Amino acid sequence: MHKRLAGAASALFLLGGIASGCSSDSESPGGAAGASGAAGSSGAAGSAGAAGAAGTGGGAPDCDVHASEAPRFERATSAWGLTGVLGGRVAAVDLDGDDYPDLIVHGGAPNARAPNSAPATRILMNRPKAGGGREFVDRSLPSGYGAPLDGDTENQRSAQFAIAADIDNDGDLDLFSGTFTDKTKVALIPTPADLDRSQILLNDGEGNFSVAPELTPHGSVAHATSGASFVDVNLDGFIDLFVVGWYDRYGQSNAGTQARLYLGAGDGSFTDVTGGSGLRTETVGYADGRNHRPAYGATACDVDDDGDVDLLISAYGRQFNQLYLNDGAGRFTDVGRPSGFSGDENLSYQDNQFFLCWCTVQSDPMCPASSPNIVCPDPADSYWSSSDAEAWRNNGNTFTTACGDVDGDGIADLYNAEIRHWWAGEGSDASRLLVADLTSGELRYRRPGLSESGLALPHPDPSWNEGGINAAIVDLDLDGRSDVVLTTSDYPDQALRVFHQQADGSFKEVAGAWGLEHPCSVGLAIADFDRDGDLDVVVGSSRMRDCAREWDAPEVHLYESDASTRAQSVSVRLTGAAGSNRAAIGAKVRLSAGGRVQVKEVGGGYGHFGMQHELPLTFGVGACTEATAEVLWPNGARSRGTFPVTAGELVRITQE
């Protein structure tokens, strides 16, 4: 049903009533060029989702935006040249500007340099294949991505993830290359592994990288860097950087790390402004949430729909997650606890098995009559402390927070991917959808029941584990409703989970039915790699713990979708100017079709060790062929533009 993309068409539309040269170029079948009329508007910041409440406001419902059939995904790893590519973390990034997303693959091992003959980080360029189709071509060494700064000619520097944005606004995507250093193991690793640091890498436009000015303090101190997001926090048109880390030293309860915010100058250099941004935390203050967190993921998106981007921290150790609201100028206030983001309402600990072990040798009026279902440690009370009964220790092990409008009201919802164990009890948070509510004027989240919503994970035996790692909110079947994709790993019976949203807003797990069976999944990147109008899925494979039984090696696999043969889509690629960052990170697109409105935001990387999907936004429009797109640009003026788009096209929209 969907047509392969080629050719171009362009249109001029008005921005704020002035002919601004803002244009939309559309790749369409046959290469025919033509002009299409458009209109535009501008306005101050407001509720971008107000007109789209409950998904309405998209004009007359003259077509069925939800018309779709179940897609089929085929494993196409060999056809794409990925056989033998190993890694646990993947990112889909167009490194050479040809509109075909390339692939960055990282291994997970910290404190280790891989030899040039077998690099742990791979730069794989998406290229035309002889005889037709596409394939990935390895440019890991020529790209210069992993070249150490100390002259080591035999090895690549240690790096664990990368996220992309146009840092210097020159039209290509640059990288933050994150290095996770485990300080408890540095002494065990031969030099120079302990010299590697996170770096800013500037792109020459063809996927070749050079090191930018040192990113301090990340460029001078080894950190356990575990997540980052590119974001323009003050809407000055220059990309900024939000970075989080895990435990500074694992095993020390007060050794969480300070999240950091760096303001970009537009030339590749950054200034640490953490202290004046409202993000400063301390080594104490667990009860009221003032302490540093051992974070496993960072997310940046506009959660309160006020036109600026907010910052979220996914915390490990069953500690409070953090949600920092932006005042529009890059100053932040933590509303994690009052909003309900920090953790769910269940703070019980009485069914924690180690508390029950403690009760076997201690007298406490809170001790239940039940006995522990584990073999207790020796001594029996050695794994339990008074802090384990506190509210701050009965939340989640959050690895990723995905951001996107799930219920169709135009407001971003959240999905937390959590690792959870049966022995920790019901006080430990499950992977769950958090639905945003702004009706009271204050941001609040409700958590639909897992069974009622269809989002519960299977518990095959009494000693179950839930291994939620990475998550994405995305419309895989192009039916105009957001689905949830979750990777689970490390424990028995863990696999890729795909929760398809039904007409009533509930979900049904369909990974097996759609051909996405993948045990012990970990890395996740979703993009239209072949530009046929649907979203393909790349998954990394874990060998952690029990997953070593499933995979002989951490293989990377690509699953190619046929959804574009069953439903229509519109893909939108934005280029910012006029005070916006060039990659338009933070921009929102409201697409109206068939009487429905969908809202998506351009992201700059998020989640556990820097997940990133392609920057173009893909909207499923079912049986609809025409739509209207409104763009809210990420600049201080909150400029807007509105124009018509046609299904079956990659629409390029440039703000001028």
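Quick caveat: nothing in here was measured; it's all calculated off a predicted structure.
Pairs engaging residues 568-608 under the disulfide bond (SG atoms under 2.5 Å apart) rule: none recorded [sequence neighbours left out].
Annotation: side-chain hydrogen bond (donor to acceptor under 3.5 Å, both in side chains) contacts of N126 (sequence neighbours excluded): R134. By the ring pair (Phe, Tyr, Trp, His ring centres under 6.0 Å) test, H518 pairs with W551, H557, Y559, sequence neighbours left out. With sequence neighbours excluded, the residues forming a side-chain hydrogen bond (donor to acceptor under 3.5 Å, both in side chains) with D302 are K588, listed by chain and number. Residues meeting the side-chain contact (heavy atoms from CB on, under 4.5 Å) test with N635, sequence neighbours left out: S580, W633, A637, S639, Q655. In this view, A70 and W514 satisfy the side-chain contact (heavy atoms from CB on, under 4.5 Å) rule, not counting sequence neighbours. Under the side-chain hydrogen bond (donor to acceptor under 3.5 Å, both in side chains) criterion, E509 pairs with no residue, sequence neighbours left out. Here Y145 pairs with H106 under the ring pair (Phe, Tyr, Trp, His ring centres under 6.0 Å) rule; sequence neighbours left out. Taking the side-chain contact (heavy atoms from CB on, under 4.5 Å) definition, one finds that N234 meets it with D232, D236, D240, L263, sequence neighbours left out. Under the side-chain hydrogen bond (donor to acceptor under 3.5 Å, both in side chains) criterion, D172 pairs with no residue, sequence neighbours left out. Take V309 and apply the side-chain contact (heavy atoms from CB on, under 4.5 Å) test, not counting sequence neighbours, and it matches V231, A300, E601.
Formation of a donor-acceptor pair under 3.5 Å by the D483 side chain with backbone atoms of V498 is not found in this model. Under the 3.5 Å distance criterion, the side-chain polar atoms of S482 are left unmatched by any main-chain donor or acceptor of D475. Between the side chain of D166 and the main chain of R582, no donor-acceptor pair closer than 3.5 Å is present. R72 places a side-chain N or O within donor-acceptor distance of the main-chain N or O of A513, the cut-off being under 3.5 Å. With hydrogens and angles disregarded, no donor-acceptor distance shorter than 3.5 Å links the side chain of N203 to the backbone of D174. The closest donor-acceptor contact from the side chain of S569 to the backbone of D534 lies at 3.5 Å or more, if one exists at all.
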Between E135 and K129, is a salt bridge (Lys or Arg N to Asp or Glu O under 4.0 Å) present by the stated rule, with each step listed?
CA-CA 6 Å; E135 64 180 348; K129 183 165 59 174; 5.4 Å; no
Test salt bridge (Lys or Arg N to Asp or Glu O under 4.0 Å) applied to D99 and R573, step by step
CA-CA 9 Å; D99 285 330; R573 174 188 168 185; 2.3 Å; yes
Test side chain to side chain donor-acceptor pair (under 3.5 Å) on R139 and N208; report intermediate values, then the result.
CA-CA 9 Å; R139 291 199 71 254; N208 303 309; 2.9 Å; yes
With salt bridge (Lys or Arg N to Asp or Glu O under 4.0 Å) as the test, would you mind laying out the steps for D138 and R122 before giving the verdict?
CA-CA 7 Å; D138 194 326; R122 306 284 286 274; 2.7 Å; yes
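In this structure, the separation between CZ on F176 and CG on L241 is 5.5 Å, given to the nearest 0.5 Å. Atom CG of L478 and atom NE2 of H66 lie 13.0 Å apart (nearest 0.5 Å).
Tested against S314, the residues T299, N416, T401 include a single side-chain hydrogen bond (donor to acceptor under 3.5 Å, both in side chains) partner, T401. Among D304, D310, L235, D306, the one residue that satisfies the side chain to side chain contact (heavy atoms under 4.5 Å, CB included) test with N326 is D310.
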Donor-acceptor contacts, no H, no angles, side chain residues 613-626, under 3.5 Å, sequence neighbours left out:
{"unit_1": "H613", "atom_1": "ND1", "unit_2": "I526", "atom_2": "N", "d": "3.0"}
{"unit_1": "H613", "atom_1": "NE2", "unit_2": "Y606", "atom_2": "OH", "d": "2.9"}
{"unit_1": "E614", "atom_1": "OE1", "unit_2": "R531", "atom_2": "NH2", "d": "2.5"}
{"unit_1": "E614", "atom_1": "OE2", "unit_2": "D528", "atom_2": "N", "d": "3.0"}
{"unit_1": "T618", "atom_1": "OG1", "unit_2": "S571", "atom_2": "OG", "d": "3.0"}
{"unit_1": "E626", "atom_1": "OE1", "unit_2": "T646", "atom_2": "OG1", "d": "3.3"}

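Side-chain contact check for F136 versus L82: some heavy-atom pair is nearer than 4.5 Å.
Heavy atoms from other residues, nucleotides or ligands lying under 6.0 Å from CD of E517 number more than 12.
Aromatic rings of F609 and F399 (six-membered ring for Trp) have centroids beyond the 6.0 Å cut-off, not under it.
By the 4.0 Å N-to-carboxylate-O rule, R127 lies close enough to D96 to be salt-bridged with it.
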